[in-house]
Amino acid sequence: MVTSPSPQQSVRLEDYRPFPFRIPKTELDVVIQDDAVLVTADLHLEPVQDSSEPLRLQGVDLALISLAVDGQPLAADAYSLSGDALQIHATPHQPFTVTTVCKLDPAANGSLEGLYASGGMLTTQCEAEGFRRITFHPDRPDVLSCFRVRIEADRERYPVLLSNGNAVAAGPVPESPTRHAVVWEDPFPKPSYLFALVAGDLKEIRDHFTTASGRRVTLRLHVEAGDEPYTAHAMESLKRSMAWDEQIYGLEYDLDEFNTVAVRHFNMGAMENKSLNIFNSKLVLADAETATDGELERIESVVAHEYFHNWSGNRITCRDWFQLSLKEGLTVFRDQCFTADLHCAALKRIEDAAMLRNTQFREDAGPTAHPVKPDAYQAIDNFYTTTIYEKGAELIRMLQTLLGDARFMRGMRLYFQRHDGEAATTEDFVAAILEGATEDGSSLNFEPEQFKRWYHQAGTPHVSVDRQWEPTEGRLTLTFRQSTAPTPGQPDKLPVVIPVLWSVLNAEGRAGDERLLVLDQAQQSVVLEGLAKTPQPPVLSLFRNFSAPVTWTADQGDDDLFALFAEDTDAFARWDAGQQLWKRLLLARASGADASSLEMRMLDAVSQLLSPAGEQDPAVLATLLAFPGLAELEALQDEADPPALFEASCALRELFGSQLADALRQRLASSAESLQAHWPAGQGERQLTALIWSWLAAAGDEEVRDAALAAVSGPSMTLARAALRALQPIDCAQRLQALQVFHDRWQDRPVIFDTWFALEASTPRPDALARVEVLLQHPRFDPMAPNSVRAVLGGLVGNPSVFHALDGSGYLFMARQIIAVDGRNPITASRMAKVFSRWHTYGPQRKAAVQQALAVLAEADLSTNTREVVTLMQA
Ligand code: TRP
Ligand code: ZN
């Protein structure tokens, strides 16, 4: 029988009301028993003046054992317990204490929210609304409280007991000699989502950091036995982060202790709980043999991200979850700047731009599009998105571009001073930035209210640029037009403030002075006079350094793009010109059009770059030669056809590999010397080697295929993975062997073995779906670990001909898997459900097939999270 889904309740920004009580102090007593955990909570409450509202606390899946106010047990008619709310009808007018005792079963908690078991340890995840799975509490970010936490457990099973702040007491439990207890006190008031607790048999790696003002901070990293050798990179990353935040922002760490725990079962990357960061173990355990260069850089940036949250998120937190980007957009912006400072700023900007285009632009163009500051949600977990994080960071970067570095940093300093200790809003943030920036009496070159539209308007603005050239005058007139396509619920869009960094190439092909245009009208022109009076219009270099998160079109012909690709002084603009050329080539191939003359020109341009006089920096070269992502390409097709695009990229690699074989082999040879250098040294050479392997292996080069196979047993994970990626699309003997070698080498290391699952699931082969079923039954597949689930199912999605099979078998399979995952872990399931969000761009057969898969999902008994996503996609 088909039941119609019950309409779900939305939370709306406009309904925000302050909580009618303060909770200056929260005391928890957590007693860990063999088969359950008892949590006694004392909430010390104060009514906010003039409020006579009843006290409403949230609680999910809690067994309430007892309830008292000021020590007096409550009569049954003095409170009500319905759904997820506990209401106490009348409370004292003076400060009072509510005491609850609840019983939890962490072993049965597969959601990885609240308190749960991972391996032999117990751990928590409270953001966004997990604290209500631990005890009854308002569990909202604007209620800040000082926590005191006592944890009691068996000494042998749980020798390590951690919570936030400082350990103020520890010792045996008098009446039970096998048990011990630790008391933690966090002096900083914090919202409940930053609470954390960890208990387990963990091994500790200890280091320290001395802050600028002389505080000696003990740094402890806690991992499972055997993982200690893989912690040095994360520890070094932490120390670099602490130093950077002092140098750049003047922000110091504020406690004597900083703990980090690695957990195998985790829904996201990591969590910034005050002084007790908890990480997905794949973002802690790493060295050059077990992680790629890309993973090492990502670990460094996530360690920094969580550390930076201590100020942008913890000291200044969010008033409500509509402000999520206040902490996430800002912290992403900060971690991006950190990585740029430590490594190559230009390449980091290109990576971030590519990522934004392939994930955020896609989200903005689909059914789950939402503003950086949404105005309603059903499940807040569904809003931990690339829009909140990465687009949010871009808004801050635009402020920096518009204001200039010095004024922008003055604004930042004012923000951290003014709102320390508060739960703030994105309006508070923008106001502080602008006030700080104009402290010196300077004025703004844009309208603040118009800039703020970026926070409320979903969708990626599009800019078109028209070029009018008067050769006899040397006068160039550019006309910019901006528009934003409708998104669900937002049919009409207004112009936003778009900073456009641009320049023209001069006669030598070099970019001249960089200019900033503040594009804030629907249409706007600029005139440039006194240019060389050439018959051809000057070549335009637009959105240098990716100055705004927009798409654009300009009348740039192939000649202009080749000139930029060869010469532009801005790394982003140069790379982008190449991307536009690659896009033209790949789209032509995918649609069966003849682009042979453009292919010849590109072969020529690439051969120039590869020549000894060409591009010297191997990382830059590899970046210029990397194809655009499938998501970007799909968006440019009238009817998205992922398998055709996949075939096109294989064919293009084969063409370039065979036509440029000699030059490629030469560059390979000149990179060989630095291949084993220690990260970050040698990463450019490894990146270029990876690219060349993939081209030459596609072109049938047996020597390269053998070299790749050998690398899988070599000392560098970067090269091993490069090898597997190069061999994967090719049905050859080396592919099979390479996967087997990797399997045998890493099968006892779950974090690394997930890569094998992903590779197996994404290998194009006729029986791929059956293979995925086998993987899901594999003895080393852990259905409770989101990393494993994502490896296999994400691998399948990365296998275009199988996932997008015209008979709909891939979609249907995926829908059934999502339903199974949703039964235990809604956060992971609803994130995966977004794989269907592009269906309206497909051809008729695939459209119908996705609709069927969505119907199967819609008929299932889904969580609120997954229901919200499925409903949006069906609309
Ligand atoms: N605040 C975390 C971060 O970005 C995000 C996070 C970690 C999270 N775990 C989560 C969000 C679980 C929702 C659910 O650093
Ligand atoms: Zn974050």
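Counting convention: from 1, in listed order, for ligands and their atoms alike.
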[X] neighbourhood, listing ligand 1 atoms whose heavy-atom distance to it stays under 4.0 Å:
X	result
M268	6 (C), 7 (C), 8 (C), 9 (N), 10 (C), 11 (C), 12 (C)
E127	1 (N), 2 (C), 5 (C), 12 (C), 13 (C), 14 (C)
H309	15 (O)
Q125	9 (N), 10 (C), 12 (C)

Is the cationic atom of K274 (NZ for Lys, CZ for Arg) positioned less than 6.0 Å from the six-membered ring centroid of F188 and within 45 degrees of its normal?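 Satisfied, under 6.0 Å and within 45°.
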Kindly confirm or rule out an N or O of [X] lying under 3.5 angstrom from an N or O of ligand 1.
X	answer
D381	no
E272	yes
Y389	yes

To the nearest 10 degrees, could you say what angle the Zn ion (ligand 2) makes with OE2 of E328 and NE2 of H309?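 OE2 of E328 and NE2 of H309 make an angle of 90° at the Zn ion (ligand 2), to the nearest 10°.
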Side chain of D420, backbone of F416: donor and acceptor closer than 3.5 Å?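 No, the answer is negative, given that no donor and acceptor are paired below the 3.5 Å cut-off.
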Using a 3.5 Å distance criterion without hydrogens, assess whether the side chain of W679 forms a donor-acceptor pair with backbone atoms of T292.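 No; judged by distance alone, with no hydrogens or angles, the pair does not exist.
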Salt bridge or not for K203 and D201, using N-O below 4.0 Å?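 Salt bridge between K203 and D201, a charged N being under 4.0 Å from a carboxylate O: yes.
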Please confirm whether K327 approaches ligand 1 to less than 4.0 Å, judged on its heavy atoms.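 So K327 counts as touching ligand 1.
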Listed by chain and number, what are the side chain to side chain donor-acceptor pair (under 3.5 Å) partners of E390, not counting sequence neighbours?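 Partners of E390 by the side chain to side chain donor-acceptor pair (under 3.5 Å) criterion, ordered by chain and then number, come out as T386.
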Nearest-neighbour protein heavy atom for atom 7 (C) of ligand 1, which is reported as residue plus atom name and distance: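 Among all protein heavy atoms, the one nearest atom 7 (C) of ligand 1 is A270 O, 3.0 Å.
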Without hydrogens or angle criteria, can the side chains of W184 and N164 be said to hold a donor-acceptor pair below 3.5 Å?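 No.
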Tell me which pairs pass salt bridge (charged side-chain N to carboxylate O under 4.0 Å, His left out) where either residue lies in residues 318-334, with sequence neighbours left out.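 Listed once each, the pairs are E127-K327, D245-R334, E272-K327.
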